[in-house]
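Everything numeric here is computed off the predicted structure, so don't read it as measured data. Hydrogens, waters and symmetry mates are skipped; everything else that's a heavy atom, side chains included, is used.
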Amino acid sequence: QVQLVESGGGLVQAGGSLRLSCAASGRTFSTYAMGWFRQAPGKEREFVATITWNEGSTFYADSVKGRFTISRDKAKNTVYLQMNTLKPQDTAVYYCAAGTSYSRYFQTKAYDYNYWGQGTQVIVSS
């Protein structure tokens, strides 16, 4: 089992920046990819970014490309989401996720992931 704990959420003005962290613990050895998703009230959970654990290959949703950066620190078992030029539409609860299955495609669906954190709130004001 893998436990994921997000941190770093908060309130920020439009145009500002925020960095989210996701610390993984437990049996993390089989992790293939980690991702960030977000969910606004009344909306479906939305893919944000993903990174392969070993090679560090990244992929982003079009809505955040050029503004967000996903990265990981293997030694700390931690994945980060650096969010720049934030917009009000970025307001959501952000979840990190870990997947153990190999894929030749970037994993952009919630069902691609086995483990989930409890989420951290991000509010972007205008």
Side-chain angles (χ1 to χ4, degrees):
Q1 293 183 326
V2 176
Q3 294 81 45
L4 304 174
V5 179
E6 302 97 334
S7 62
L11 176 65
V12 65
Q13 290 186 339
S17 298
L18 208 60
R19 189 180 77 160
L20 307 182
S21 299
C22 176
S25 61
R27 302 183 67 178
T28 63
F29 309 103
S30 296
T31 299
Y32 172 73
M34 297 191 71
W36 286 97
F37 290 75
R38 65 188 184 186
Q39 188 167 25
K43 297 184 179 179
E44 295 183 353
R45 190 163 297 189
E46 175 189 24
F47 168 77
V48 176
T50 187
I51 186 168
T52 58
W53 190 250
N54 287 333
E55 294 189 347
S57 299
T58 60
F59 183 75
Y60 300 89
D62 288 341
S63 59
V64 306
K65 191 173 298 182
R67 300 188 297 120
F68 290 11
T69 302
I70 187 171
S71 61
R72 90 282 196 235
D73 186 330
K74 289 185 176 181
K76 296 181 178 180
N77 287 317
T78 300
V79 64
Y80 305 94
L81 185 68
Q82 178 66 48
M83 305 185 294
N84 298 325
T85 319
L86 283 161
K87 304 175 180 180
Q89 51 263 51
D90 295 319
T91 296
V93 176
Y94 283 70
Y95 299 89
C96 71
T100 59
S101 297
Y102 165 80
S103 176
R104 58 191 173 100
Y105 308 107
F106 286 108
Q107 297 173 339
T108 63
K109 303 294 185 181
Y111 57 71
D112 290 326
Y113 296 86
N114 308 93
Y115 305 100
W116 294 83
Q118 292 186 335
T120 185
Q121 178 74 62
V122 172
I123 300 175
V124 184
S125 64
S126 60

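One hydrophobic cluster, built from ILVMFWY side chains closer than 4.5 Å, cannot hold both Ile70 and Phe37; they sit in different ones.
Listed for the Thr31 side chain is a donor-acceptor partner under 3.5 Å among the backbone atoms of Thr28. Remark: the backbone N or O of Thr85 is paired with a side-chain donor or acceptor of Arg67 at under 3.5 angstrom. Counting only distance, with no hydrogens or angles, the side chain of Glu6 and the backbone of Cys96 share a donor-acceptor pair below 3.5 Å. With Gln121 contributing its side chain and Ala92 its backbone, the two residues share a donor-acceptor pair below 3.5 Å.
Clustering of Ile, Leu, Val, Met, Phe, Trp and Tyr side chains at separations under 4.5 Å places Tyr102 together with Tyr32. When hydrophobic side chains of Ile, Leu, Val, Met, Phe, Trp and Tyr are connected at separations under 4.5 Å, Leu11 ends up clustered with Ile123. Other residues sharing the hydrophobic cluster of Phe29, ordered by chain and number and joined by side-chain separations under 4.5 Å: none, the residue standing alone.
Among residues at least two apart or in separate chains, there is no salt bridge (charged side-chain N to carboxylate O under 4.0 Å, His left out) pair with a member in residues 102-122. Pairs engaging residues 46-55 under the side chain to side chain donor-acceptor pair (under 3.5 Å) rule: Arg38-Glu46, Thr50-Tyr113 [sequence neighbours left out].
The minimum heavy-atom distance linking Gln107 with Ala33 is given by the pair OE1-CB, 3.5 Å. For the residue pair Tyr60 and Phe68, the shortest heavy atom distance occurs at CE2-O, 3.2 Å.
No side-chain heavy atom of Tyr94 sits under 4.5 Å from any side-chain heavy atom of Gln39. Within the 4.5 Å cutoff, the side chain of Cys22 has no heavy atoms near those of the Tyr95 side chain. Within the 4.5 Å cutoff, the side chain of Phe59 has heavy atoms near those of the Phe47 side chain. You'll find the side chain of Val122 stays beyond 4.5 Å of the side chain of Thr91, heavy atoms only. Side-chain contact check for Leu86 versus Leu18: some heavy-atom pair is nearer than 4.5 Å.
Take Ser17 and apply the side-chain contact (heavy atoms from CB on, under 4.5 Å) test, not counting sequence neighbours, and it matches Gln82, Asn84.
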